[in-house]
Structures are given as structure tokens and as C-alpha cells.
Protein chains: 2
Amino acid sequence: MKRPTIADIARRAGVSKGAVSYALNGQPGVSKATRANILAISKELGWQPNSAARALNGARAHTIGLALFRPARTLGMEPFFMELISGIEAELADRSYALMLQVVTDHTQEIEVYRRWWGEGRVDGAFLVDLHLDDARVEAMRALNMPVVVIGHPSQAGPLSTVWSDDGLAIRETVEYLVALGHRSIARVAGLPRLVHTTLRDQAFVQACQDAGPGRVEHLIAHTDYTGEEGARMTRRLLSSPRRPTAIVYDNDIMAVAGLSVAQEMVLDVPADLSIVAWDDSPLSQVVRPPLTALTRDIPAYGACAARQLLALIAGEPVVLSVEDRPATLIPRGSTGPARGSR
Amino acid sequence: MKRPTIADIARRAGVSKGAVSYALNGQPGVSKATRANILAISKELGWQPNSAARALNGARAHTIGLALFRPARTLGMEPFFMELISGIEAELADRSYALMLQVVTDHTQEIEVYRRWWGEGRVDGAFLVDLHLDDARVEAMRALNMPVVVIGHPSQAGPLSTVWSDDGLAIRETVEYLVALGHRSIARVAGLPRLVHTTLRDQAFVQACQDAGPGRVEHLIAHTDYTGEEGARMTRRLLSSPRRPTAIVYDNDIMAVAGLSVAQEMVLDVPADLSIVAWDDSPLSQVVRPPLTALTRDIPAYGACAARQLLALIAGEPVVLSVEDRPATLIPRGSTGPARGSR
DNA sequence: CTCATGAACTAAACCGAGTAAGTTACTGAT
DNA sequence: ATCAGTAACTTACTCGGTTTAGTTCATGAG
């Protein structure tokens, strides 16, 4: 009742293990007749190669790793990651690659997991997401010499390959749009301040506001942890301040929706009293009233792009170090309008 | 620049491979001093066990498989699966198990993937979701003799272990609530008709309506593919029919939200003209206006429960064949109210 | 008729661990 | 002094494939 091995096939076929190996792998060294016979017997016995044995000889694992530093329970609520994963999966499925997923509780553990997977030959490569300043993972991965693709801006990625999109461009587009609508006081409810892409968006935001003309546009940034609760809290604080902004740009859709609720609680009209822009466009943004103006990007395509890059890296194909995906584009919907009193 | 092996450690320590193996695995057969020395050297060299070599000796893969029959691109939009995965992950992460994920395009391929993973010793067990009538996967898994936990009702699971919750109870609760509100014509926009849980919910729905009294409650079921588009289409059809229902129960939240939009398009007031109930309670249900009355269940907990069951099965611990999780409970919100003209 | 060539194989080493069985060397009892 | 017992090892084989280095035999050229 044990699983058949090539030795079993060899015995049945009256040949050596080596001949069976050649036959099953389509290598020369066996006659057509013998090969056909061996294939028939292997099919009959229901033989499956044992990947452990193959891996021992340095074969590919046909698996890619993704360790996510995220409280597992909130994962399901993060459209971004889920869409990213589905995009990665779509690309991997074509080549019969699997995705090895593990949720970790900190970056030390994340490095540990990657070290183990790589050391144990269980993955051929991995993704790194949410880089922060002086990220220890970069050096750790470089030291491991494992194929890695950073999903995010190259600035902190060191020698690692990256796939990214120009968030600065998207922020600039948004600010210019709001300024054109007459807004002179714009707030940004941002994500975690340590993350590279938060910093970059922050800088671009400030720059874009300043570029509108000296002293013309007041700007303010509030940092959060991306949760709806924090988004609501910051919105409440912003809207209660004496110098209330007339437009708020949120770093994700969860916070934007929460912010919209807060505004409505405070009996403010959106967009007449307050314009709202969401970063990332999930179904969520479209079902609320008014539907949210959002920075849309094709996240699954982003993930697929990263997957292609990683697979090329693993295959040893020549790759450009850094691939720029399309930037997010602004989709105006009902949550933005002219600033009150402008014109 | 190659990875160190126990042979390298043995050479450095001046002992045999066997001694190193004993030392690293905490087995007797080496002195304290030698063990300490070997451990120090292994740390210094950054040795990691090669799981391929270990697996060859029959060790665990410390990985669980999940092949999902789903168009990968829509995965990110399915809160249910993402929450399920996050619940499974939460349980696995504690024991350093990883989750092997692959999206497949049909059940034949799903069986193929499982056969390969199991045959190749890459997973210790797997989940089966979305069982349908006469599901070929059940027999295939039984034949493989691989530890499997079916997530769903036991009726079609044959000899396989299951984790399920009583959807019938939840449906009954919903119908009784709507009837008490005066509704006499209730529709159900259901999921894929071939799925076991759809059938069971259908039956329970009809039964509950009939139990309200002979001929007292009109009921209607429309089957869809779970997408928002189909949900909207069916809603449009239902609301245009001469005998328009006063309440609709949807099989997921995506369709419920889409249905709400359709109702509002058709200038119907929710809940005055139409009551809406969603199955599964995601953030989506709470941000629309009015917020949706929903059948809530703790999906991550459900996934965690299934993961515990599978891990117990893998460990060879004694397990009950079928574990019943808590049923979904109805959370009334703004989308349900008394039927117009009742009382 | 002999030798070179190459196709079709076989035997055995190898990958990196685990482990059963065998070997030392030392301790303590008789 | 001798023997049993044991701690501390070593040796060698195992897992299931891949791969290298032969070996055998048929064929064709010289």
C-alpha cells in the first residue's frame, strides 16, 4: 500500500532505476519501445515523483513565498492585499506555481520564516512588501542571496529588484484637481509614518500643495494605522479644528469610508462642505452615498507584474532592476465638488 | 558560498555526521561539551536543516494545502474566502505551519493539484470547500488517504471529516423575523444551485416559509453566481415582477449591496418598500445607507476551527468526524422594517 | 576482418539528513 | 585482574530520485 517509486517501476520493467529516470524525464538514453513501456507501467502503478527526493538534487520547489506582517484576523478586511494576492496567484497559476503564505507577527519573524523556507529549499523566491526606512529585511534577503522582488518604491530596496508605481504623480494629480475645484485647505489622512510609501506620498503631497502657489494652499497630514477606527478619529479631529479643511485625501478606502460616516454624523454635506478622495478603489468606495472619488489602480495587475518579475528572476532571465507599473489615476465621483465659497 | 550541511559541521567539529545529527536533534549519544560545541558551530555557519532531506525520511511538511476553484481575479472581492484564509492562517501561524495556496480553474485540476502535493510530500493535509452534489473530490481524497477537512455540511462529505455551521437555523431565524415584521412575500437571491450549502439553504428557506402557516407566506428563489452583477439583475427582475416581494434575502453581501443600489435606482425606499437581508456581514454591509441587516458569523473563527480540526487529524489525534461551529446570527440594522400595509 | 562510433542501457555515487548497529574507552563491581 | 555495563561516539545504510561513468552490443567505415 506504499507509494510506488522508480525502483518499483524499474523492477516491473526489468530495467535499471537510471533507465526509468531517463524515460520519465524525456531524456535520451532509452529506446522508444522501452520508454513507452516504462511510461505505461508508471501510469499503471500511479507513480508520482517525490519532490523531496527531487529537491535533494537541487530541483525547483515551484513555490513562491509571501510572509505577511499583519494581524491575521484583519487580513480579510484589507482589499489591497487580497487583490494583490489574487493577482499574484493569477500569474502563478498559469505556470503551476503555488504560493506559500504565512502570517507573521513582526519583521524579525518574517526574516526567520524566509530564511527557513529558503534554507529548506521550500521556495524559489519571495516578495517583500511594506518596506520601511532602514528595513532590516533588505540586508537579510541580500545575504540569503534568494530571488526577491520588492513590491514598492526602489528608494529603500538597496540592490533588490522592485516593482512599483509612481504614487507621487497620483497625489499631484489629486491635489491639482482639488485646487482647481477651489480648495485652499487640504488634509491628508495618511498610513503608517514609517513606511516608505507613506513618506513618499507625504512629500509629494506637500510639494504639490506648495507648487500651487506660495501660501495659497494650506496643508496638513495626520498619520494613522490604516484602520477604519483611526481614520474616523482623525477625521473627527480634523473636522472639529478651528481651521477645518474643505477636502481630505485618505490613504486607503477603509479610512475614507469611515471618514465619510464621520462627516455625515457631524451633519456636514459631502461634497458641499467637505470633499473626500480615497486611495485605492474597492467596491466599498462605489457603494457608499455619495460614491467616493478614488485613486484607482489595477492592483491584481500590479501583483501579476511583480509575480512575472520574480519568476523571471528565478529563471535567471535578464531582468531590469526596477519595473514601474502604471500609476494610480483619479476617478472623480460624487464625493468631491467645488469648495464652498470659492468663486 | 553554498549552504552548510551537517557534514560541514561534522568536519569542523571533528566528529561524524551521526554525532552532529544527534546533537542538533537533542537526542542522547553525545556529551554535553560536544553538543555545545556542535551547536555553536552550526550557529556560526548559519546551518539550516534541508527539509527535502528530512522529508525523505518521512518527516512532516509543516504545510497545509488549499486549492481554490475560483477565477483568481475575483478572489480579492470575496470577503468570505479572505476571512476564512485569515482565520486559518491565524491558527497555523501559532504552530509555524504554512498555507500552500493555488488557484485552479476546475475541480479536475483541483484534484490533480492535491494529488501532486500529497504525492510529492509537500503538504500534510488539505481543505475542501464548496462541495457540490456527487462531488468527485470526496472519492479522490478518500482514495489518496490524505488528511482532509471539508468546510461545509457533512451530507455530501462521505467519510471525510467536516466543520460546518447550521445554515438552516439562520435562515429560519431570518424568515421568522421577516414574517413577524408583516412580510408575506419573501424572495431569496441564492448562490450557485449545485453547491450543497445552497441546496440546504433553499430547503430551509422553503420549509421556514411554509411553517409560517399554510399559504401565508409567498416565497421565491432565484439562483445566481454570487457576483454583484447577477445579484443586481435578479433584483431588477424581482422588483419588476407584478407580485413584487417586500423582502429579499441575499446569499452574500456583495449581492445584497448591489440589490440595494437597484432598489434605490428604482426609487424604492429601503426599508419602507423593500426589506433587505445580507448573508455574511462584511464592512460593506455597514457602510451603505441604510446599513444592511445581516446574518453575521465569525468567519475567521470558522476557518480557525477547521484548521484546528485538520491539524488534529494530521497529528493522528482522535477527532470527532464532524464539528459544528456556531450558526450565523441575525443582526437587524436599517435595511429591514415592517412591511408596508401590514398591521 | 577489425576497429571506431554511438545507441541503449547498468552500476554506483550522490544529494542531506535520520538512525540502527557496531565500536571504543572508561567505570565500577567482583 | 577480569568482566559487564554504559556513555560516547562511528559506520553504514536508508529515503527516492538524478547523474556520472562505465559496459554491452549492433552498425558502418576502412
Side-chain angles (χ1 to χ4, degrees), chain A residues 1-39 41-43 45-62 115-124, chain B residues 1-39 41-43 45-62 115-124:
Chain A
M1 205 54 217
K2 278 178 56 218
R3 287 194 325 145
T5 70
I6 57 165
D8 299 323
I9 300 176
R11 207 172 309 119
R12 276 278 284 269
V15 296
S16 70
K17 285 194 335 176
V20 174
S21 178
Y22 290 139
L24 292 172
N25 292 298
Q27 296 215 29
V30 278
S31 68
K32 270 193 169 178
T34 310
R35 185 186 302 273
N37 185 229
I38 288 173
L39 286 172
I41 292 177
S42 85
K43 192 156 288 175
L45 295 181
W47 177 82
Q48 292 280 128
N50 179 319
S51 79
R54 279 199 166 148
L56 212 45
N57 293 291
R60 294 263 124 89
H62 286 274
R115 201 194 299 281
R116 211 182 61 226
W117 283 351
W118 178 244
E120 298 180 354
R122 299 163 70 96
V123 300
D124 299 331
Chain B
M1 205 54 216
K2 279 179 53 216
R3 296 216 335 259
T5 71
I6 56 166
D8 299 324
I9 300 175
R11 205 172 311 119
R12 276 279 282 270
V15 296
S16 71
K17 285 190 344 173
V20 173
S21 179
Y22 290 137
L24 292 172
N25 291 297
Q27 297 218 28
V30 279
S31 67
K32 270 194 166 175
T34 310
R35 184 186 304 271
N37 184 230
I38 289 173
L39 286 171
I41 292 176
S42 84
K43 190 156 289 173
L45 295 182
W47 175 83
Q48 291 281 127
N50 178 318
S51 79
R54 279 199 168 150
L56 215 44
N57 293 294
R60 294 263 124 89
H62 287 275
R115 200 192 300 280
R116 209 182 63 225
W117 283 352
W118 178 244
E120 297 181 354
R122 299 165 71 97
V123 299
D124 299 331

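- Residue-to-nucleotide contacts include a donor-acceptor pair under 3.5 Å from the side chain of A:Y22 to the base of D:dT20.
- For the OP1/OP2 pair of D:dG16 and a distance below 4.0 Å, the side-chain nitrogens and oxygens of A:N57 include no atom meeting the criterion.
- Residue A:Q48 has no polar side-chain atom (N or O) positioned under 4.0 Å from OP1 or OP2 of D:dG16.
- The side chain of A:R54 places no N or O atom within less than 4.0 Å of a non-bridging phosphate oxygen (OP1 or OP2) of D:dG16.
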- Steps toward side-chain contact (heavy atoms from CB on, under 4.5 Å) verdict (B:T5, B:D8): CA-CA 5 Å; B:T5 71; B:D8 299 324; 3.6 Å; yes
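- Within the structure, a side-chain polar atom (N or O) of A:W47 is placed less than 4.0 Å from OP1 or OP2 of D:dG17.
- Within the structure, every side-chain polar atom (N or O) of B:N50 is placed at least 4.0 Å from both OP1 and OP2 of C:dC15.
- The backbone N or O of A:Q27 lies less than 3.5 Å from a partner atom in the side chain of A:R35, making a donor-acceptor pair.
- Between B:S16 and D:dC9 there is no side-chain N or O to OP1 or OP2 distance below 4.0 Å.
- Heavy-atom nearest nucleotides on DNA chain C were determined for B:L56 and for A:G29, and the one closer to the 5' end corresponds to A:G29.
- The nearest heavy atom of DNA chain D to B:V20 and to A:K17 marks one nucleotide each, and the one closer to the 5' end goes with B:V20.
- A:L45 has its CG atom 14 Å from the P atom of D:dG16, to the nearest Å.
- Side-chain N or O atoms of A:R115 include none that pairs as donor or acceptor with a backbone N or O of B:Q48 at under 3.5 Å.
- If you find the closest nucleotide of DNA chain D to A:A7 and to B:G18, the one lying nearer the 5' end belongs to B:G18.
- Computed from coordinates, the A:N25 CG to D:dT20 P distance equals 13 Å when rounded to whole Å.
- Proximity of B:S31 to the phosphate of D:dC9: a side-chain N or O atom is located under 4.0 Å from OP1 or OP2.
- Distances shown here put a side-chain N or O of A:T34 below 4.0 Å from the OP1 or OP2 atom of C:dC9.
- Side chain of B:N50 to main chain of B:A52: a donor-acceptor pair is present (N/O by atom type, distance under 3.5 Å, no hydrogens or angles).
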